[in-house]
Number of protein chains: 2
Amino acid sequence: MPEGNTVRVSLRDVAAHAGVSVKTVSNVVNDYQHVTPAMRARVQRSIDALGYRPNLAARHLRKGRTGIIALALPELGNPYFAELAAAVIDSAAAHDYTVLLDHTGGRREQELLVCRGFRARVIDGLILSPIELEAEDLGDRAENVPLVLLGEREYDLPYDHIAIDNVAAARAAVRHLIGLGRREVAFIGARRGRSEPAQLRVRGWREELTAAGLPSDAGLVAATDGWGHADGEAAMIRLLDSGRRPDAVFAYNDPMAIGAMRALHARGVRVPEDIAVAGFDDVVEGRFAAVSLTSVSPDKEAIGRLAVESVLARLGGRTPAPRRVRAGHRLAERESTLGRVGAFGAPGRDT
Amino acid sequence: MPEGNTVRVSLRDVAAHAGVSVKTVSNVVNDYQHVTPAMRARVQRSIDALGYRPNLAARHLRKGRTGIIALALPELGNPYFAELAAAVIDSAAAHDYTVLLDHTGGRREQELLVCRGFRARVIDGLILSPIELEAEDLGDRAENVPLVLLGEREYDLPYDHIAIDNVAAARAAVRHLIGLGRREVAFIGARRGRSEPAQLRVRGWREELTAAGLPSDAGLVAATDGWGHADGEAAMIRLLDSGRRPDAVFAYNDPMAIGAMRALHARGVRVPEDIAVAGFDDVVEGRFAAVSLTSVSPDKEAIGRLAVESVLARLGGRTPAPRRVRAGHRLAERESTLGRVGAFGAPGRDT
DNA sequence: ATGAAAGCGCTAACAC
DNA sequence: GTGTTAGCGCTTTCAT
């Protein structure tokens with residue numbers, strides 16, 4: 001027995017009140033075409049009078065859809081994901097869809113749970129940004145709710161995947177650094193351990209350096225366990241203490257770049273005069289750092305929109321061929337590489 | 001083995017497969033007490049064999065519960081709300097609840113829609129952090145899903161409200177500033193326009209200054225339109241150009257404080273030597289600013305937990321008396337007021 | 001154009 | 001302990 005709160009008004013009640021059949025009321029509620037205006041008005045009056053609200057659960061049970069898609073992100077605390085979530089939510093809302101948010105903490109176990117459909121049948125589709133998940137984890141997925149992948153990891157699997165061109169983006173950032181005359185460009189945020197989520201960005205970094213005839217040896221790579229501010233700070237300190245003297249640093253993401261800048265600031269190393277710093281994700285925080293941060297700027301709005309569209313395109317049993325979609329990106333050049341240009345604020349206003 | 005790609009297994013199918021009644025299967029699925037272990041095992045085997053997943057829509061239709069609560073936040077881009085969302089999600093998960101996330105953009109219209117149950121969402125409860133909403137908007141709420149309010153605004157309405165003691169917290173921050181010898185403490189982030197969400201923090205700021213016999217006149221208050229980095233930056237610039245020379249600034253939130261610090265940095269004003277800065281919310285970003293930010297640190301985990309508990313306590317028609325719950329807070333003192341203390345990193349490690 | 005009736009998959013009386 | 005059965009509120013043939 002549903003513990004009745006307030007007045008529970010059903011279609012049946014409205015029908016009785018209006019003196020028509022349930023079907024007619026349903027027709028009105030669903031904006032069915034062939035209803036006489038008079039009838040429509042009459043039913044509408046009863047609806048208003050009784051304060052009728054359709055019961056979504058019943059509708060879902062009947063139609064087999066819930067109007068909800070899940071978005072599973074590694075970490076909401078990282079502003080990139082928060083901003084991405086906002087984009088997905090807005091995009092979904094535009095399609096009358098609602099977003100259910102999960103965060104996996106980037107833990108494989110949690111990611112597995114999510115993509116194995118522990119949400120059972122509450123959701124019509126799933127957008128997942130995996131960190132630790134391996135291809136084989138996704139291979140035996142028995143679920144039938146459409147899955148769309150986000151993020152840097154690439155899997156050779158029949159799922160839609162939305163991402164920017166990470167290699168090209170990383171190369172652009174490093175090229176910018178080289179163009180500024182830097183010759184020792186370190187990378188912060190490679191991965192320790194078996195899997196390597198930063199793979200593509202490391203590759204882009206290395207390719208560009210190699211193409212320019214510059215070093216990209218292991219001594220220039222600072223591996224980390226996580227991807228937060230503290231990890232970037234610690235990695236930068238290690239780099240400084242290693243004896244190596246890079247004149248530029250490219251970080252896996254903005255929080256790490258900002259952590260690195262804090263370490264540099266504390267050590268009295270000037271940014272960008274002594275060491276230029278570039279990040280990845282273009283989060284708001286970077287734009288307002290004391291020295292604003294140069295960063296690869298993915299088109300988050302596009303990523304969110306494409307992800308939602310991809311999921312919705314697979315609803316109702318439709319199964320378009322899996323596709324890899326490239327969202328756009330650009331390089332937001334700011335003080336951490338350019339130095340303070342012109343009047344105050346100019347570089348900070350960039351985006 | 002699930003047959004075909006459309007896995008559509010119902011209780012009935014499992015019952016047939018196991019040679020028992022649906023009730024028995026239902027009992028197993030719901031962990032009903034009185035089932036013989038042998039029977040349980042047998043049913044479980046069929047469940048696994050068929051890959052049965054309960055249909056939530058049907059369960060909801062029957063029970064009147066969905067296992068989903070909605071969380072409506074003004075802005076996911078503000079890390080405070082992102083961190084809060086994470087706390088709510090985790091807390092809900094601990095109760096086997098799932099969180100559906102909305103963001104209102106702090107727009108009154110959107111907030112209204114949400115709390116009026118727009119799109120008649122499939123939710124058991126709603127946690128809302130309003131910015132613009134007025135008491136009268138909430139007064140005529142016809143919805144019967146439990147509503148819990150979060151945040152600084154206080155309404156004289158019969159809803160649970162979870163917040164820290166904003167006045168006390170603001171006073172503590174200002175007291176800290178005064179204790180450091182500051183005599184002209186400005187406030188950044190008061191509101192332009194009719195409603196004043198920052199009210200309590202402004203009040204705390206004023207009370208503490210008044211108690212200390214220090215000025216809190218209008219010239220020390222910088223109003224803003226929004227609550228982002230850029231607003232704080234602009235407000236700080238206006239303050240500097242006003243002729244007034246505060247030796248400390250208390251900002252409505254951390255993003256504004258950080259924006260203000262950027263402005264100060266750009267103008268060559270030293271923090272904290274010339275002007276000390278304190279913020280509110282203790283977001284990660286502040287801990288890793290070049291000059292780490294002193295900030296009021298609300299117990300986000302507690303807020304999230306209390307909010308979820310409050311909502312769940314009102315489920316199933318239970319209507320405990322509305323209550324105002326105070327979550328804890330403390331002042332995280334860092335370099336933006338203390339200066340660089342001792343060895344590198346010490347103050348940044350604080351939280 | 002409108003009505004009657006059959007379920008969607010599940011839970012909870014109530015029987016045995 | 002386990003089975004039978006009646007709906008939860010809605011959409012949807014199929015008549016009319």
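Letters A, B, ... mirror the listed sequences (proteins, then strands); counts begin at 1.
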*Per B:K63 side chain, nearest of listed nucleotides D:dG3, C:dT11, D:dT11*: C:dT11
*Any chance you could lay out the salt bridge (charged side-chain N to carboxylate O under 4.0 Å, His left out) test for A:R326 and A:E154, step after step, and finish with the verdict?*
CA-CA 12 Å; A:R326 290 255 177 270; A:E154 300 210 326; 3.8 Å; yes
*Taking everything shown except B:E136 itself, do over 12 heavy atoms lie less than 6.0 Å from its CD?*
yes
*Between A:R153 and A:E134, does at least one N-O distance fall below 4.0 Å, as a salt bridge requires?*
yes
*Nearest-nucleotide pick for B:S21, side chain only, options being D:dC10, D:dT4, C:dC10*: D:dT4
*Between atom CG in B:N55 and atom P in C:dG7, what is the gap in whole Å?*
18 Å
*Is the gap between the ring centers of A:Y159 and A:H161 under 6.0 Å?*
no
*With a 4.0 Å heavy-atom cut-off, tell me which residues in residues 22-35 of chain B come close to DNA chain C, sorted by residue number.*
B:K23, B:S26, B:N30
*Which whole-number value in Å describes the distance from B:R62 CZ to D:dC10 P?*
15 Å
_If we ignore hydrogens and angles and just use 3.5 Å, is the side chain of B:R314 paired with the main-chain N or O of B:P146 as donor and acceptor?_
no
_OP1 or OP2 of C:dG9 versus the side-chain N and O atoms of B:S10: is any pair under 4.0 Å?_
no
*Given that B:R12 and A:G19 both sit by DNA chain C, which one's nearest nucleotide is further toward the 5' end?*
A:G19
Validation: residues 299-309 of chain B side-chain donor-acceptor distances under 3.5 Å, sequence neighbours left out:
from: B:D299; atom 1: OD1; to: B:E301; atom 2: N; distance (Å): 3.4
from: B:D299; atom 1: OD1; to: B:A302; atom 2: N; distance (Å): 3.1
from: B:K300; atom 1: NZ; to: B:E83; atom 2: OE1; distance (Å): 2.9
from: B:K300; atom 1: NZ; to: B:D281; atom 2: O; distance (Å): 3.1
from: B:K300; atom 1: NZ; to: B:D282; atom 2: O; distance (Å): 2.9
from: B:E301; atom 1: OE2; to: B:R305; atom 2: NE; distance (Å): 3.3

*Mind calculating the distance between CG (A:L11) and P (C:dA5) to the nearest angstrom?*
17 Å
*How many Å lie between CZ on A:R42 and C1' on C:dA1, as a whole number?*
13 Å
